[in-house]
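Chain naming here is simple, since letters A, B, ... match the order of the sequence lines and numbering starts at 1 in each. Predicted model, so just to flag it, every value in this text is computed and none were measured.
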Amino acid sequence: LEDHLTGQRDYDLLVIGGGSGGLACAKEAAQLGRKVAVVDYVEPSPQGTRWGLGGTCVNVGCIPKKLMHQAALLGGLIQDAPHYGWEVAQPVPHDWRKMAEAVQNHVKSLNWGHRVQLQDRKVKYFNIKASFVDEHTVCGVAKGGKEILLSADHIIIATGGRPRYPTHIEGALEYGITSDDIFWLKESPGKTLVVGASYVALECAGFLTGIGLDTTVMIRSIPLRGFDQQMSSMVIEHMASHGTQFLRGCAPSRVRRLPDGHLQVTWEDCTTGKEDTGTFDTVLWAIGRVPDTRSLNLEKAGVDTSPDTQKILVDSREGTSVPHIYAIGDVVEGRPELTPTAIMAGRLLVQRLFGGSSDLMDYDNVPTTVFTPLEYGCVGLSEEEAVARHGQEHVEVYHAHYKPLEFTVAGRDASQCYVKMVCLREPPQLVLGLHFLGPNAGEVTQGFALGIKCGASYAQVMRTVGIHPTCSEEVVKLRISKRSGLDPTVTGC
Amino acid sequence: VEQSPPQSPGPGKAGDAPNRRSGHVRGARVLSPPGRRARLSSPGPSSSSEAREELRRRLRGLIERSRVMIFSKSYCPHSTRVKELFSSLGVECNVLELDQVDDGAKVQEVLSEITNQKTVPNVFVNKVHVGGCDQTFQAYQSGLLQKLLQEDSAYDYDLIIVGGGSGGLSCAKEAAILGKKVMVLDFVVPSPQGTSWGLGGTCVNVGCIPKKLMHQAALLGQALCDSRKFGWEYNQQVKHNWETMTKAIQNHISSLNWGYRLSLREKAVAYVNSYGEFVEHHKIKATNKKGQETYYTAAQFVIATGERPRYLGIQGDKEYCITSDDLFSLPYCPGKTLVVGASYVALECAGFLAGFGLDVTVMVRSILLRGFDQEMAEKVGSYMEQHGVKFLRKFIPVMIQQLEKGSPGKLKVLAKSTEGTETIEGVYNTVLLAIGRDSCTRKMGLEKIGVKINEKSGKIPVNDVEQTSVPYVYAVGDVSEGKPELTPVAIQSGKLLARRLFGASLEKIYHTLFWPLEWTVAGRENNTCYAKIICNKLDHDRVIGFHILGPNAGEVTQGFVAAMKCGLTKQLLDDTIGIHPTCGEVFTTLEITKSSGLDITQKGCG
C-alpha cells in the first residue's frame with residue numbers, strides 16, 4: 001500500500017489471463033518498452049483436466065479442434081483415394097490414442113513456445129490465480145497456496161470463458177464432459193451424445209463422426225444461433241447425410257451411470273412431452289460458455305459486470321467502469337468470442353495506452369469459419385440480419401450451388417456446397433455478407449473479408465477474374481439472385 | 001436535305017438549350033430518312049453518366065443502321081478524301097460532322113471507347129469498324145471494302161468462331177444469347193503421339209481440369225501419409241494405380257465435353273467438328289475428319305484457336321516424347337520420367353508425377369517459372385527437390401533415342417550443358433516436353449485475308465477491343481498477343497467481345513426501360529419476350545416514358561448506367577490494374593438476373 005501512495009507500482013501493465021488476447025497485450029506492451037506481467041492459472045475442469053499457458057484457443061479450442069477436424073477430413077480423403085488410383089484397403093480403422101497424443105504434443109509445444117516468447121520479451125509470467133485487492137493491486141495464489149501481491153498502473157482483464165454445465169440436470173456435472181476435456185481424453189470417447197447447437201457442439205460432433213464414432217447431437221431449438229439460418233440448416237443436413245444423428249427439439253433431463261459403466265441419458269421431446277432414453281459412452285455438454293469473472297473479486301476494484309451474463313462491461317476503447325482497468329476477449333460483454341478479435345483488440349488497446357495511437361477496434365465484418373465436416377465460412381451480415389436492417393426490398397442475395405472439382409472424380413455428394421452473397425439492392429450493390437459452405441471455407445473467406453472491409457460492391461466482385469479451377473472462383477461467378485427464382489445450380493465448368 | 005449551321009462546340013448559349021439535346025445528331029440527318037428523327041430524340045439525360053450512355057446508344061444506332069457511317073470533321077482533308085472515295089463508288093454515306101455539333105468532343109470520346117481510335121475520319125461499313133482514312137483506302141485497295149459493302153444478310157452466319165475452347169465457347173454463347181447466328185468450328189489435330197479429345201479446348205481436356213485432378217490425386221497420397229499420424233491405421237504399402245485414376249479423370253472430362261455440346265445446342269449455336277481455314281474475305285473452309293470440305297461465310301470472325309505444346313526440334317522428339325497433350329490420357333503409367341522445361345506446366349506435372357511415387361527429373365535450361373517472382377519460384381523448386389524431384393539445371397536435350405518399345409518403353413536422352421561442353425546421358429521411361437506453347441495460327445489461311453501475326457511467336461496482335469489487323473476478324477484467348485494465358489481471362493474477354501460486337505442487344509436491355517420506343521426501332525425477333533418482361537417491371541415501378549422513378553427499375557437501370565460510367569467504373573479502374581477497360585458490359589448479366597432473367601441459366605459456365 002505504501003508503494004501505491006508513493007506512486008511506485010510493480011508494473012506498468014498487468015495482464016490477467018494468458019490466453020490469445022492477454023498474451024498479445026503483454027507482448028505488445030513489452031515491445032513498447034513497458035514493464036509487464038502476465039498472470040495465468042487454469043482451474044481444472046470438473047473432470048480434472050488442466051493445461052498450460054495459452055488459453056482456450058491453444059489448449060481446448062481452435063487448435064486441437066482444427067487438428068481433430070483435419071483427422072476427420074483425412075478419413076474422408078482416405079475414402080476418396082481409391083477413386084484417384086490409390087490402392088487402400090477399406091475400411092481403415094482409426095486410433096484415438098494416437099491422434100490425441102499427436103494433438104496434445106503439438107499443444108504442449110505451443111505452451112512452451114508462449115513461455116519462451118514471454119521470456120524473450122522480458123514479460124514476467126506468474127502461474128497464479130489472481131483476484132483484485134483494490135483497483136491497482138491484485139493478489140495471486142500459487143498452486144502451493146503461496147500468496148503474492150502485484151500492483152500495476154494499468155490492468156487488462158483477459159480471463160476468457162469456460163464451458164457452461166447445465167445446472168438442473170441430474171448427473172450432468174458428475175458424468176458429463178465438455179470441450180475442456182474432449183481434446184485431452186486419453187481413450188476414445190466411444191459412442192457420444194453431444195448436447196447443444198453451438199458451433200462447438202457441431203464441430204465436435206462432426207469430427208467424432210468423421211473418425212468413425214457413433215455420434216448423436218441433441219438440439220433443443222435452432223442450430224448455430226446468430227449465424228445465417230439457411231447456411232446453418234445446410235450444415236446440419238450435410239452432417240446428417242454423413243452419419244451424425246440428430247435429436248431435434250429435445251432436452252436432456254438426467255444422466256445416470258449404468259452398472260456396465262455406460263451412461264444412460266433421459267430426455268424429453270419438447271413438443272410432445274414424451275420421455276426417451278439412450279445409452280452412451282460419453283456425454284459432451286456444448287451448451288454455451290460462461291465468463292471467468294467470479295473469482296476475480298471485481299467488486300473490490302469497482303469493475304462493473306452485466307448482471308445477466310456476468311461479463312465485463314466496456315466502452316469502445318475497451319475501458320471498464322474503472323479508468324485504468326480494461327477488458328478484452330471472451331470475458332467482455334457483446335464481443336465476438338473469437339481469437340483473432342481478442343488479439344487485435346488487445347494490440348490496439350496497448351498501442352493506445354503506450355504507443356500514442358488512437359485507433360479503435362472495429363468489430364464490424366469480423367470473418368469466421370465453422371469447422372464442421374463441410375466447412376462454413378462467413379463474414380458480414382446473415383441474410384436475416386440484412387433483411388432486418390435494410391428491409392427485404394433493399395436486399396439482393398446472389399447464390400449458387402456448385403460442385404468442387406475434387407468431388408467429381410471421388411463421386412462425392414455436393415448437395416450442400418453452396419455460396420451466397422448478401423448485397424444491398426441499390427447499385428453499386430455494396431456487399432453486406434458472404435456465406436460459403438464447402439471445403440477450405442476459412443481460406444476462401446479470408447480474402448473476401450478484406451474486400452468487404454474495403455467496401456466491395458457486387459459489381460467489383462463480378463469484375464474479379466477467377467482463379468481456375470478453385471472453389472473460391474464460384475464467389476466471383478455469382479450471377480443468380482434469389483429474387484429471380486432461377487435455379488442456382490452451377491452447370492458446366 | 002437539311003444542313004445544320006456550323007456551331008461552336010462546347011456549352012452553348014442559354015438560347016441553344018432546347019436544340020442542344022438533339023443537336024449532336026443533326027449532322028446525321030444529312031442523308032437520313034426523315035422518320036429517323038423521332039427515334040433519335042429523347043428527353044434530356046439527367047446525369048452525365050446517363051447522358052454518356054445515351055450518346056453511346058445513339059452512336060451505336062447510327063452505326064447499326066447505316067451502310068456506311070463516317071464520323072468526320074468538315075474541315076478535315078482526310079475526311080474529305082474518304083467521303084470522295086465512297087462517292088466515287090456510288091455509295092451513300094451517313095456523315096456526322098463532329099465540328100458542327102455541340103457534343104462533338106463527347107462523340108469523339110465515346111467513339112474512341114468503342115473503337116480505340118481517337119481521330120477522324122472514323123469509318124464503319126456494315127457495322128464493321130474499318131478505321132481511319134489510310135485503313136479505308138487500304139481496305140479499298142485490298143478489295144476488303146467492296147466485300148464489306150456487300151449486304152450483311154448475304155453471309156451464312158453473323159459470327160463464326162474458330163476454336164471451341166474456353167474463350168471461343170464463351171464468346172459463341174454470349175453472341176447467341178444476343179440473338180446472333182453463330183457457328184463454332186473446332187477440330188483437334190491429333191498430337192504427334194496420336195492423342196486427341198473432345199470439345200472444350202485446352203483447359204477442360206489437357207489443361208486446368210485434368211491437371212488439378214491429378215494434383216488432387218497426388219495430394220491424396222500426401223494425405224494418406226499424414227493420416228497415419230492422425231490415428232488412421234493401415235499398414236500396407238499404398239500403391240498408386242495410374243489406370244484407375246486416368247480412367248476416372250477421362251470420364252469426368254467426357255461428361256464436360258458432352259455438357260459443352262449440349263449447351264451449344266441449347267443456344268442454337270452451330271457446332272462443326274472441322275478444321276477451319278480462311279480461303280478469302282469472309283469465307284472459311286471447314287475440313288472434317290474424313291477430308292470433306294464445306295465452305296461457310298460470316299460477317300465477322302473470332303479466332304480462338306489457342307496454343308499447343310512446343311517441340312524441341314531435335315532428333316527423336318516428335319517420335320518418342322510426349323507433352324501435356326498426351327499425359328492426362330496416357331493409357332499406362334509413365335514410369336521414370338524426364339520433364340523438360342521449367343514452365344508452370346513442367347513443374348505441375350513433375351510435382352504430381354513425383355506425388356504418385358514416380359522417379360521424376362526436371363531438366364531446366366535457365367530459370368524456373370519465368371515471369372513469376374523468382375524468390376517464390378526458387379522456393380517452389382526447393383520444396384519439390386525436398387519431396388523427391390530431381391533437377392538438372394542448365395542442360396538441354398540434344399537427342400532422344402528409343403532403347404526399348406513398350407508401355408512405357410525405354411528412352412535414352414542425350415543432353416548438353418548450356419554453359420560448357422559437358423554432355424550427359426540418362427535413361428527414362430517417358431520424356432515429357434513442357435518447354436512452352438505455340439499459337440495455332442500458321443495453317444489457317446490468315447495470310448489469305450491479311451490478318452497479321454507476330455512472325456516470331458505466331459500470336460495475333462490485337463487492339464484493346466480484340467480486333468486484329470483485319471477489321472471484321474477478332475482474336476481472344478491464348479492466341480492473342482500480350483494477354484495472360486488463363487482460362488478465366490479468355491472466358492471474360494470472349495464474353496465481353498461478343499457484347500461489344502452485338503452490343504445493340506445489350507443496349508436494348510437498357511432500352512427496354514424505354515420499351516415503346518425501342519420496339520419501333522428493333523425488329524429483332526429474339527427480344528420480343530424479353531422486352532415484355534421489362535415492360536412489366538416498368539409498370540410495377542411506376543416508370544413513365546423515358547424517366548425512371550420506381551425503385552426496382554431504377555436499380556436495374558442505375559446499376560447498369562452507374563457501372564458503365566459513374567464512380568464504379570472509375571473505382572474499378574482505380575482499384576484494379578489490368579482489367580479490361582470497357583467494363584460496363586459486365587452489368588448486363590446482373591440486369592438479367594434481376595428481371596425474370598430467362599437467359600441466365602443458359603449461360604452456364606464462366
Side-chain angles (χ1 to χ4, degrees), chain A residues 67-68 70-71 73-75 77-78 80-89 92-100 102 211 393-394 396 398 405-406 408-409 425-429 454 457-460 462-469 473 477 479-481 483-487 490-493, chain B residues 203-204 208-209 212-213 216-217 220-221 223-224 226-227 229-234 236 238-245 248-249 252 256 259-260 263 486-489 492 551 555 558-559 562-563 567-568 571-572 575-576 579 583 586-587 589-590 593-597 600-601 603-606:
Chain A
L67 289 172
M68 292 201 178
Q70 176 67 11
L73 289 183
L74 285 169
L77 294 180
I78 289 172
D80 285 357
H83 295 277
Y84 283 90
W86 294 100
E87 296 173 333
V88 192
V92 177
H94 185 262
D95 180 354
W96 173 278
R97 275 177 296 187
K98 202 164 175 194
M99 170 186 73
I211 57 172
E393 266 313 289
H394 300 287
E396 190 84 300
Y398 294 90
L405 180 61
E406 300 86 323
T408 57
V409 166
R425 199 172 171 201
E426 189 178 328
Q429 301 200 304
C454 296
S457 66
Y458 173 76
Q460 286 168 321
M462 288 309 107
R463 276 203 221 110
T464 307
V465 174
I467 301 175
H468 188 59
E473 74 177 323
K477 296 196 318 199
R479 293 292 192 280
I480 308 282
S481 72
R483 183 170 273 112
S484 74
L486 293 171
D487 178 8
V490 175
T491 53
C493 71
Chain B
C203 167
V204 171
C208 324
I209 300 296
K212 182 145 186 212
L213 289 172
Q216 175 70 8
L220 286 172
L224 287 171
D226 286 359
S227 67
K229 297 212 174 77
F230 279 90
W232 295 98
E233 291 187 314
Y234 53 93
Q236 82 274 28
V238 180
K239 283 205 195 109
H240 185 259
N241 185 318
W242 175 273
E243 289 83 0
T244 309
M245 171 189 69
I249 291 173
H252 177 64
L256 293 177
Y260 282 121
S263 82
L486 295 170
T487 297
V489 173
Q492 187 81 346
E555 277 174 20
Q558 200 67 58
L568 255 190
Q571 212 170 311
L572 179 73
D575 292 352
T576 318
I579 288 207
C583 45
V586 179
F587 274 86
T589 41
L590 169 59
T593 313
K594 283 190 154 185
S595 62
S596 80
I600 194 90
T601 38
K603 281 178 192 172
C605 79

The interface call for K229(B) against chain A, heavy-atom contacts under 4.5 Å, is backbone

So CD of Q492(B) and CE of M462(A): to nearest 0.5 Å the spacing works out to 10.0 Å

CD of Q70(A) to OG of S227(B), rounded to nearest 0.5 Å, is 10.0 Å

Greatest number of non-hydrogen atom pairs under 4.5 angstrom with chain B, of V92(A), V88(A), V409(A), L77(A), falls to V92(A)

When rounded to the nearest 0.5 Å, the distance separating CG of L256(B) from OG1 of T408(A) is 8.0 Å

When the 4.5 angstrom heavy-atom criterion is applied to L73(A) and chain B, the contacting part is neither

Whatever's closer than 4.5 Å to a heavy atom in chain A on L224(B) counts as side chain

d(E406(A) CD, K212(B) NZ) to nearest 0.5 Å is 4.0 Å

What one should report as the nearest heavy-atom pair of P82(A) and T244(B) is O-CG2, 3.6 Å

In terms of heavy-atom contacts, I211(A) and W232(B) come closest through CA-CH2, 3.7 Å

Donor-acceptor pair, side chain of H94(A) and main chain of F230(B), under 3.5 angstrom: yes

Chain B shares the most heavy-atom pairs under 4.5 Å, among A89(A), A71(A), G85(A), with G85(A)

Between M245(B) and Y84(A) the two heavy atoms that sit nearest each other are CB-O, 3.3 Å

Bottom line for A102(A): the part with an atom under 4.5 Å from chain B's heavy atoms is side chain

Smallest heavy-atom separation, G466(A) atom then P488(B) atom, equals O-CG, 3.1 Å

Could you walk me through whether D80(A) and L220(B) pass the side-chain contact (heavy atoms from CB on, under 4.5 Å) check?
CA-CA 8 Å; D80(A) 285 357; L220(B) 286 172; 4.2 Å; yes

